[in-house]
Structure formats: C-alpha cells, structure tokens
Amino acid sequence: MNSIGVVTVTFNSAHVLKDFLDSMAKQTHTNYILYVIDNASDDDTAKIISEVDDARIVYIQNDKNLGVAAGNNQGIVKAIEDGCESILLLNNDTLFETTLFEKMARTLEIHQADIIVPKMYYFDKKNILWFAGGEFDNIFQCDVSHAGFREEDNGQYDRIQTITYAPTCCMLITKQTIEDVGLMDEKYFVYEDDVDFCYRATHIMKKKMIYFPDVTFYHKVGGLTNKEGSSFKSDFAIRMMTRNKVYRCKKYFSFSKAVYLLLMLFRENLKIILQRHYKRSYKSFILMNLSFIKGMFY
C-alpha cells in the first residue's frame, strides 16, 4: 500500500502526545513516516518524542512558533521530498483505531477521491459526534458547518458521501492534490487555514473530497487550543478568528462576500452585546472591530 507522510504540529503538546503516539504505533498500515513539527514547545514534548524508538519518526524543531499552517507546510514539503505518495494531516490531540490509515488509504483509492476525512467523535463523550461531514454555506460560501455536530451517533451519518469542507485534524490528501491546490496559506497562522485549503480544493480546483464513517476516531476537542473553552473568548481568539475570516473573504472577493462581510460585522458586534460567545466588554468590542479592519488590509 502507498507510503503516507503523517504530519502533526506540536506546541506544548506533552499532555496529549503519549496517547497519540500509542495510536500511531499500533497502525496496521506500517508504511508511513511521522513528521513531528514542533513550534518551540517549552514543555516535555521533545523528551517524549526522543524516548520513542521508531525510525519512522522525523522530529523537526523550530526555534519559534511559526503557526499551524507553516508547520503543516514544513511537514508536507518534507514528506513529498521523501517520496510519500499521500499526506495525512493529523492532530496530536487524537486517538484512533489500529486500522485508520489502512481503511482511509484503501477507501481513497477505491472511490478515486483526492481527499478523505473520517467520522470524528468527542474523546470525553464517546458516542457524541464532532464531525460527520462538512459543507460551505450555499449563499456566500464563507461559513462552514459540521454535519452531526454534538449529536448522538445513531447511524444517521453512516454513508460515504462527497463533501466540500473538513477540518484538517485528520485529512488524507493525495500528493497530486497538494501539487494542484498548493500548500497552506501561512498568513492565517492559526484558524481558517483549513477552510481556505478546502475552498481552493473543492471549489476552485474541483477536487473530490469524501467523508468516511467506518472508523473510530476520537478528538480531544480543544486539547491543543482550548477553542471550545476559554480560548474562544480570549483576546487572541477574537483577534485571529476575526482577522482571518475577513482576510479569507477578501482573498476570494465577490459581491456576495462583500455583503457577507457587512453582515458579519453587524453580527459579531451583536454577539459581544447579547450572547455568551465573547466577553461582554468594551475591550472586546474595540478588539473585534480593529481586527476586522486589519483583515481588510492584511
């Protein structure tokens, strides 16, 4: 079976690495290289990696945090240089079954697809779905959604289907697709880089992305960024998510996206005042609006 270059980006990931590496070591598909791209962690990440006796692990340590997109690109480029025929972008805050790589690689080939992503569950809620397919909105093609998000899994998403969006926490991509679509846009640093890549792949290059449900994959959602917890309300999250979404809409500008940006500005300001997603403060209001402006000129 084809060689897989598995790319994972670490940043103070010591608390999740052991489970991840254990899932990696047990894979029935053994023809892979794991590229660990470390963004200047100051915890025990390097120590944990060094203690694993596996020649398939390539550890690349950056002297500063380059961001998720740049880290993924480092791994992708190295994997292609090493002759890997497909690239698996994989978060290290995950656990998965022993046949994950084998099933995904085989299904990708059988369906003659360019990209494949699995069904994903919450780690701490074993039968609650986090991702069961994804799409861009039909009107503006700016927002994306996860099918099955926070639903109990009763088999309602057990069919292989073509999708247009998926997070890159577990995404198997053919080498040819990478060459056609291009690398991750490093201007995002973190957040929205996956949306941008999927838009280029499925909308611009018309690549075939499929959702694959016949696998067990658990995601410690927020395990690395705490996105569903306090970090979503943090100044960093407000700044990066607002700026990056505006930048992405501007990058693929159209009349509908211009309308979307105006609606987004109104909606996000309303959230600060009325909803729980942002801290109800003058500081958050100023930060969001300044980040919106920065995105327009980014």
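Since the model is a prediction, treat every value here as computed from it, not as a measurement. All values below were derived from every heavy atom in this structure, side-chain atoms included, with hydrogens, water molecules and symmetry-related copies excluded.
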Separation of [Y] [atom2] from [X] [atom1] (nearest 0.5 Å):
X: Q27; Y: D22; atom1: CD; atom2: CG; value: 10.5 Å
X: T107; Y: Q112; atom1: OG1; atom2: CD; value: 13.0 Å
X: H15; Y: D19; atom1: NE2; atom2: CG; value: 10.5 Å
X: C198; Y: F136; atom1: SG; atom2: CZ; value: 6.0 Å
X: I116; Y: F212; atom1: CD1; atom2: CZ; value: 5.5 Å
X: N39; Y: I37; atom1: CG; atom2: CD1; value: 8.5 Å

Side chain proximity check, [X] to [Y], heavy atoms < 4.5 angstrom:
X: V7; Y: I87; result: yes
X: H29; Y: M104; result: no
X: T45; Y: K47; result: no
X: E186; Y: N73; result: yes
X: V68; Y: F11; result: no
X: I115; Y: L172; result: no
X: D153; Y: I128; result: no
X: I160; Y: H111; result: yes

Should [X] and [Y] be regarded as members of a common hydrophobic cluster, given that ILVMFWY residues are connected when their side-chain heavy atoms come within less than 4.5 Å of each other, either directly or indirectly?
X: V144; Y: M205; result: yes
X: L66; Y: Y188; result: no
X: F253; Y: L263; result: no
X: I110; Y: V117; result: no
X: V246; Y: L262; result: no

For the pair E85 and K175, evaluate salt bridge (charged side-chain N to carboxylate O under 4.0 Å, His left out) and give the outcome as yes or no after the intermediate values. CA-CA 5 Å; E85 296 166 270; K175 174 187 172 183; over 6 Å; no
Test of ring centre spacing under 6.0 Å for Y121 and F217: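 No, the ring of Y121 stays outside the 6.0 Å limit from the ring of F217, centre to centre.
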Do the ring centers of Y122 and Y218 come within less than 6.0 Å of each other?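 Ring centres of Y218 and Y122 not closer than 6.0 Å.
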Donor-acceptor under 3.5 Å ([X] side chain, [Y] main chain):
X: S234; Y: A237; value: yes
X: Q74; Y: Y35; value: no
X: D54; Y: R56; value: yes
X: D43; Y: A14; value: yes
X: R248; Y: V195; value: no
X: S86; Y: T174; value: no
X: Y252; Y: K257; value: no
X: N92; Y: F20; value: no
X: D196; Y: E192; value: no

Could [X] and [Y] be called an ion pair, given the rule that one side-chain N must be under 4.0 Å from one carboxylate O?
X: R200; Y: D193; answer: no
X: R106; Y: E109; answer: no
X: K220; Y: D124; answer: no

Within 45° of the six-membered ring axis of Y298 and under 6.0 Å from that ring's centre, is NZ or CZ of R243 located there?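 Geometry flag: set, cation within 6.0 Å and 45°.
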Are K126 and F123 in a cation-pi setup, meaning NZ or CZ lies under 6.0 angstrom from the ring centre and within 45 degrees of the ring axis?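 Yes, K126 sits over the ring of F123.
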Could you tell me which non-hydrogen atom of P213 sits nearest to which non-hydrogen atom of Y157, and how far apart they are?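 What the structure gives for the nearest pair is CB-O, 3.4 Å.
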Provide the closest heavy-atom pair for K119 versus Y211 in the form atom of the first, atom of the second, distance.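 The answer is CE-OH, 3.2 Å.
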Evaluate D38 against S41 for side-chain hydrogen bond (donor to acceptor under 3.5 Å, both in side chains), listing each step before the verdict. CA-CA 6 Å; D38 185 61; S41 295; 2.5 Å; yes
In terms of heavy-atom contacts, does CD of E179 have more than 12 from other residues, nucleotides or ligands at under 6.0 Å?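 Above 12, so yes.
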In this structure, are over 12 heavy atoms from other groups packed under 6.0 Å from I139 atom CD1?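 Not more than 12 within 6.0 Å, no.
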Parallel, tilted or perpendicular for [X] and [Y], by the 30°/60° rule?
X: Y199; Y: H203; answer: parallel
X: F189; Y: F236; answer: perpendicular
X: W130; Y: H146; answer: perpendicular

For N289 and N269, what are the C-alpha separation, side-chain angles and deciding distance, and is it a side-chain hydrogen bond (donor to acceptor under 3.5 Å, both in side chains)? CA-CA 8 Å; N289 283 278; N269 277 304; 2.8 Å; yes
The test is side-chain contact (heavy atoms from CB on, under 4.5 Å); show your working for V215 and F96 and say whether it passes. CA-CA 8 Å; V215 69; F96 36 90; over 6 Å; no
Residue pair K78, D82: steps toward the salt bridge (charged side-chain N to carboxylate O under 4.0 Å, His left out) verdict: CA-CA 6 Å; K78 187 67 170 66; D82 290 344; 2.9 Å; yes
Audit row: L265, M288, side-chain contact (heavy atoms from CB on, under 4.5 Å) steps and yes/no: CA-CA 9 Å; L265 184 63; M288 195 283 297; 4.3 Å; yes
Do M296 and L261 pass the side-chain contact (heavy atoms from CB on, under 4.5 Å) test, and can you show the C-alpha distance, the side-chain angles, and the key distance before you say yes or no? CA-CA 10 Å; M296 293 297 295; L261 285 174; 4.1 Å; yes
Without hydrogens or angle criteria, can the side chains of Q156 and E151 be said to hold a donor-acceptor pair below 3.5 Å?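 Judged by distance alone, the side chains do pair up.
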Test side-chain hydrogen bond (donor to acceptor under 3.5 Å, both in side chains) on D137 and Y260 and set out the steps. CA-CA 11 Å; D137 69 89; Y260 173 85; over 6 Å; no
For K187 and D185, run salt bridge (charged side-chain N to carboxylate O under 4.0 Å, His left out): C-alpha distance rounded to whole Å, both residues' side-chain angles, the deciding distance at 0.1 Å, then the answer. CA-CA 6 Å; K187 289 188 72 173; D185 184 340; over 6 Å; no
What's the verdict on side-chain contact (heavy atoms from CB on, under 4.5 Å) for C169 and L90, showing C-alpha distance, side-chain angles and the deciding distance? CA-CA 5 Å; C169 59; L90 185 61; over 6 Å; no
Let me see the working for K26 and E97 under salt bridge (charged side-chain N to carboxylate O under 4.0 Å, His left out), right down to the final yes or no. CA-CA 8 Å; K26 293 177 180 177; E97 66 174 66; over 6 Å; no
